[in-house]
Protein chains: 2
Amino acid sequence: MIENRRQVRTDGTGNADILETAAQCFMEQGFSATSIDDVARRLGATKGRIYHYYSSKTDLFFDVHREGLERLFQAVEPVMGIEGSGVVRLRAMLTAHAMAMMTNAAFEAVVVQGVHMHRMAATTPDQRRTLDDLIAIRRRFEGLFKQVLQEGVDDGSIRNIDISISAKAMLGAINWLSVWYRPASDETEMDRQMLAERIVTTQIDGVRS
Amino acid sequence: MIENRRQVRTDGTGNADILETAAQCFMEQGFSATSIDDVARRLGATKGRIYHYYSSKTDLFFDVHREGLERLFQAVEPVMGIEGSGVVRLRAMLTAHAMAMMTNAAFEAVVVQGVHMHRMAATTPDQRRTLDDLIAIRRRFEGLFKQVLQEGVDDGSIRNIDISISAKAMLGAINWLSVWYRPASDETEMDRQMLAERIVTTQIDGVRS
DNA sequence: GTCTATATGGTGATAGAC
DNA sequence: GTCTATCACCATATAGAC
């Protein structure tokens, strides 16, 4: 589980709506082109409501980002402990990750966008800390995959590759889903599952013994 | 070669400096957090100079984007025609792509950022056309890889996979370099070559027969 | 907790000197 | 072709009613 949890947010006080709507706006228009008014309008409210919960647009973006990461953890961590060799578990994790990218498309699009915000100018010290937090969480997420990759190498189910590079490449292949994946209107869970399997299979075949 | 060429730009009239500097700013701070004044300051000039060549910040961003794409084509197209089976040529293309991502880190970071700009609000019809242009060029780039993948499937050097999905996944793995790759201060061409080989090898092993 | 105002500032963009 | 000076706008953020 994530240590750096949000304290109160998304507790059903109406805040989850803001998060969801903001995610959608940020996905469609990007951070810069999205105004607080845009989010408010889509909520059927005014910005007074948003500023009651978030002290800035950046804070809002960061909280969407954090929620996106949390959902990734919730998808991947449970399957990390299944029975099987390293490569078997790795496959399950990658598949779960891919599914989460599609299921939570808006939130994960914000995560991918957030990855580009290195030193977003004019952030307050507080925001700087929050960003560092998010970076640490992302690193922890990558760590999950590195760990299982290493276990796979140790148990012989995965070739003797460079763990760090392979992890980044595999995660890149899957994260890239957020760039091109758009759900068809009549898309089923099965369709997504099929797509996930295909992407993951080539990634797994690239590293397995 | 790219058909939709810039007409005059990057012809050594001093404009190339603007492009280079803008690329750096956009890479470090992102589109929204980069002001025209930032770019000008870094150029040791004022924004008058920039507005002499570009009519808007978006236009400038788009031109950096286009230059980034052009460099990718220049890296990949030459090796596309080498002797060898589909998988051999694919490997060479992916390696060239990965090298270009690192060599032109700033420009390619803008390309990757630009991918998120779907319907950037408030663009003029003219900018909208330019964006459509860029999207078409990106698609053409992906097409190069799909073509060679297909040739590999036909000549039996590549497994019978879904071409479109595999292309996107492989390109994602390589494009993701722009997210995490930071050149070491004493890095050599050889170091980059080694890194590229490692990434590409797992991608190739994932699809070859 | 959400609204309606409003202030404030920054930044994109322009005009005109040189 | 580049500068200085300035405009004009708009989005962030705030204050205070309800």
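Here is how names work: the chains are called A, B, and so on, in the same order as the sequence lines, proteins then strands, and each is numbered from 1.
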In whole angstrom, give the distance that lies between atom [atom1] of [X] and atom [atom2] of [N].
X: A:Y54; N: C:dT2; atom1: OH; atom2: C1'; answer: 16 Å
X: A:L60; N: D:dT12; atom1: CG; atom2: C1'; answer: 13 Å
X: A:D37; N: C:dA5; atom1: CG; atom2: C1'; answer: 13 Å
X: B:R41; N: D:dT4; atom1: CZ; atom2: P; answer: 13 Å
X: A:L43; N: C:dG1; atom1: CG; atom2: P; answer: 16 Å
X: A:K57; N: C:dG10; atom1: NZ; atom2: P; answer: 16 Å
X: A:R49; N: C:dT4; atom1: CZ; atom2: P; answer: 13 Å
X: B:D59; N: C:dT11; atom1: CG; atom2: P; answer: 20 Å

Starting at the 5' end of DNA chain D, which residue's closest nucleotide do you reach first, B:H52 or B:K47?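 Going by which nucleotide is closer to the 5' end, it is B:H52.
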A:D59 and A:S55: side-chain donor and acceptor closer than 3.5 Å?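 Looking only at side-chain atoms, A:S55 and A:D59 do form a donor-acceptor pair, the distance falling under 3.5 Å.
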Side chains of A:Q29 and A:S35: do they bring a donor and an acceptor to under 3.5 Å?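 No donor-acceptor contact under 3.5 Å links the two side chains.
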Under 4.0 angstrom between B:T46 side-chain N/O and D:dC3 OP1 or OP2: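 Checking B:T46 against D:dC3: at least one side-chain N or O falls below 4.0 Å of OP1 or OP2.
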With a 4.0 Å limit, can you tell me whether A:Y53 has a side-chain N or O closer than that to the phosphate oxygens OP1/OP2 of C:dT2?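 For C:dT2, OP1 or OP2 has a side-chain N or O of A:Y53 closer than 4.0 Å.
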Under 30°, 30 to 60°, or over 60°: which ring-plane class applies to A:F145 and A:H97, parallel, tilted or perpendicular?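 If you compare the ring of A:F145 with that of A:H97, the planes turn out tilted.
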Verdict with reasoning, B:E142 to B:R139, per salt bridge (charged side-chain N to carboxylate O under 4.0 Å, His left out): CA-CA 5 Å; B:E142 184 181 317; B:R139 193 160 294 157; over 6 Å; no
